[in-house]
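Chain identifiers are assigned alphabetically (A, B, ...) following the order of the sequence lines, protein sequences preceding nucleic acid strands; residue numbering begins at 1 within each chain.
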Amino acid sequence: MSLDLSVDLCGIRLPNPLVLASGILGTSAPLLERVARCGAGAVTTKSCGPAPRAGHPNPTVIDWGGGLINAVGLPNPGVEAEVEIIATAIEQLAPLGVPLIASIFAETVAGFAAVAERISTANPDLIEVNISCPNVTAEFGRPFALDPASAAQVTAAVRAATTLPIIVKLSPNVTDIVAIARAVEDAGADAIAAINTLGPGMVIDVESGQPILANRVGGVSGPAIRPIAVRCVYDICAAVSVPVVGIGGVTCGRDAVEMLMAGATAVGVGSAVYQGGPEVFGHIRDELAGWMQAHDYASLSEFRGIAHER
Amino acid sequence: MSGNLPSAARIVSITEENVRVKTLVLNARAQAQPGQFAMVWLPGADEKPFSIVDDHPLTFTIARVGPFTQQVHALNVGDRLWWRGPFGRGFEIVEGNGAHLLIGGGYGAAPLAFLARRLRAAGRQVIAIIGAKTKAELLLEARFAAMGCTVVVTTEDGSAGGRGLATDVARDVAHRERVATVYACGPEGMLAAVERLCAELHLPGQVSREGYMRCGLGVCGSCHHGPWLVCRDGPVFTVG
Ligand SMILES: Cc1cc2nc3c(=O)[nH]c(=O)nc-3n(C[C@H](O)[C@H](O)[C@H](O)COP(=O)(O)OP(=O)(O)OC[C@H]3O[C@@H](n4cnc5c(N)ncnc54)[C@H](O)[C@@H]3O)c2cc1C
Ligand SMILES: Cc1cc2nc3c(=O)[nH]c(=O)nc-3n(C[C@H](O)[C@H](O)[C@H](O)COP(=O)(O)O)c2cc1C
């Protein structure tokens with residue numbers, strides 16, 4: 001039986017549903033190409049803003065046991081340099097058939113529109129709008145993703161600034177993620193990514209009595225957040241008709257199956273790179289294929305969203 | 001579920017190696033390969049990568065180049081320092097006939113001292129070329145000699161040993177002696193010259209690179225070098 005792992009995300013073909021999540025390894029064209037060669041079905045760049053940013057001082061990422069906690073603080077070379085990186089990456093990814101998702105952020109609604117417009121000139125396959133980073137509130141104020149009206153405003157501004165398909169990335173740190181999902185769908189999002197990191201959380205060094213992260217608080221990711229991510233994806237999929245990229249704590253084929261059963265069209269993988277390296281994409285893909293074979297599924301659509309049936 | 005959080009260790013001794021470099025011995029142990037590194041943290045200051053110069057007891061050799069290393073240099077015996085690791089891929093001791101040629105530039109000599117001790121313990125012949133800009137910045141040459149390595153010192157200004165670059169000295173040595181493998185650590189320009197030398201003389205080489213490191217865990221992508229991550233795929237890379 002032939003196995004089809006491919007996915008259609010907003011008219012873009014992914015050879016398999018596994019997407020490199022933003023902020024993990026997405027800093028250079030050669031790294032993005034390597035992740036694609038290791039088996040990712042799409043790769044997302046590190047979120048890029050209007051101007052270069054140094055990010056927070058170290059420590060920025062810690063393995064606390066159940067996953068990671070990070071406050072990297074959105075370091076990036078700025079959109080002008082990012083356009084070059086993306087253009088090179090697209091060339092290197094083309095022969096592999098792996099699409100590129102360009103992640104953007106800004107401090108203001110107008111800033112989002114400006115970065116979207118500029119990044120579009122590099123012609124990425126999709127744009128991901130990161131309105132949900134929990135680690136820059138001291139400088140930027142509350143993330144736009146915490147409120148349906150602000151989330152919709154950013155979505156509408158980016159929608160007007162580009163003809164490329166846009167994915168809006170949501171935060172789990174809200175009382176009603178469905179309201180936010182509906183708001184961004186109504187404002188013109190072509191897809192939704194969920195979830196960004198949970199929290200913020202804090203880990204204290206008990207010898208010094210000080211929080212370990214220099215930013216004191218940071219976003220929690222990895223296996224510890226998977227049940228929350230799965231629930232968010234499940235709820236969003238029940239409420240909207242646009243495709244959802246399910247992200248959060250996926251480390252193996254079984255976890256990817258779970259996200260797809262919750263209704264995700266594609267599955268983001270981030271923190272799993274810590275334990276598994278870039279090769280983790282090939283491992284998850286092969287485990288997913290093995291699981292499908294063992295259960296007589298020929299394509300992902302045969303079991304996508306089945307958790308909603310009862 | 002304890003993860004890999006920084007652990008606190010007390011400084012049990014401090015040695016001034018030269019005007020800019022101190023060696024700190026901690027009351028902690030690790031299981032490390034030469035060339036591996038740890039992330040060293042001072043709460044409220046910063047966290048940066050440093051080569052493990054000995055794992056038993058845990059030892060770092062730290063050059064004062066900026067704000068963080070300034071604060072480390074201000075510590076006294078009995079003070080605490082936090083670390084997590086070991087991380088990365090270290091030097092691999094390669095079989096082969098001939099001498100093991102070590103090339104250290106600046107504080108690159110530090111991780112090579114750890115390697116030299118392992119090589120000498122395994123009974124290998126070691127030639128250590130220790131280079132620096134000037135005499136005052138030479139590092140650990142006496143320690144290499146005490147281990148029974150043949151030491152060749154070279155400085156860019158000729159204030160100690162021969163005048164010239166460590167890689168030029170290495171070329172001369174390789175013409176005279178049979179060399180099994182070249183191991184190098186130092187500034188990027190020196191490592192590029194080592195790569196060319198290994199290609200020219202058809203010698204297997206391993207170089208320890210630096211990169212701008214944040215997480216140290218292979219996720220953030222800050223220390224990329226081509227498709228590789230210095231923190232995970234390195235810091236030691238095979239050349240030649
Ligand atoms: C894998 C690895 C192993 C390392 N091992 C050691 C070690 O054993 N001992 C040691 O002393 N350092 C080592 N380093 C370098 C050390 O991490 C940096 O020097 C550190 O950034 C110093 O922090 P700082 O705040 O004092 O200075 P920074 O503010 O970071 O730097 C101050 C100035 O020094 C310059 N600088 C920074 N890093 C370097 C560098 N590596 N070489 C030359 N100039 C630099 C900067 O450009 C800046 O101008 C290692 C680095 C890596 C990646
Ligand atoms: C070190 C690190 C950096 C991150 N940076 C970004 C970022 O720049 N933009 C973004 O949208 N998400 C960022 N994220 C969030 C991830 O893309 C992802 O949504 C989250 O980590 C949950 O997935 P995971 O459990 O598979 O890691 C980052 C996560 C980590 C761990």
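- Note that CG of B:Leu42 and CG of A:Asn58 are 12.5 Å apart. Values are rounded to the nearest 0.5 Å.
- Around atom CZ of B:Arg29, no more than 12 heavy atoms belonging to other residues, nucleotides or ligands sit under 6.0 Å away.
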Checking side chain to side chain contact (heavy atoms under 4.5 Å, CB included) for the pair A:Val273/B:Leu217: CA distance, chi angles, key distance, verdict? CA-CA 9 Å; A:Val273 167; B:Leu217 304 176; over 6 Å; no

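- Scanning residues 78-92 of chain B against chain A with a 4.5 Å heavy-atom cutoff picks out B:Arg80, B:Trp82, B:Arg84, ordered by number.
- Options A:Pro57, A:Gly270, A:Gly277, A:Gly67 differ in how many heavy-atom pairs under 4.5 Å they form with chain B, and the most are formed by A:Gly277.
- Of all heavy-atom pairs between B:Pro6 and A:Asp205, the closest is O-OD1, 4.0 Å.
- Residue B:Pro43 touches chain A through its side chain alone, counting heavy-atom pairs closer than 4.5 Å.
- Listed in order of number, the residues of residues 219-236 of chain B that approach chain A to under 4.5 Å between heavy atoms are B:Val219, B:Cys220, B:Gly221, B:His224, B:Gly226, B:Pro227, B:Trp228, B:Leu229, B:Arg232, B:Asp233.
- Contacts of A:Val35 with chain B are absent, with no heavy-atom separation under 4.5 Å from either backbone or side chain.
- For the salt bridge (charged side-chain N to carboxylate O under 4.0 Å, His left out) test, residues two or more places apart in sequence or in another chain that qualify with B:Glu200 are B:Arg171.
- Of all heavy-atom pairs spanning B:Ala8 and A:Glu207, the tightest one is CB-CG, 3.7 Å.
- Only the side chain of B:Met39 has a heavy atom closer than 4.5 Å to any heavy atom of chain A.
- The two residues A:Pro75 and B:Arg214 come nearest to each other via the heavy atoms CB-NH2, 3.3 Å.
- Taking both residues in full, the closest heavy atoms of B:Trp41 and A:Pro211 are given as CZ2-O, 4.0 Å, listed atom of the first, atom of the second, then distance.
- Applying a 4.5 Å heavy-atom cutoff, the residues of residues 20-32 of chain A that approach chain B are A:Gly23, A:Ile24, A:Leu25, A:Thr27, A:Ser28, A:Pro30, A:Leu31.
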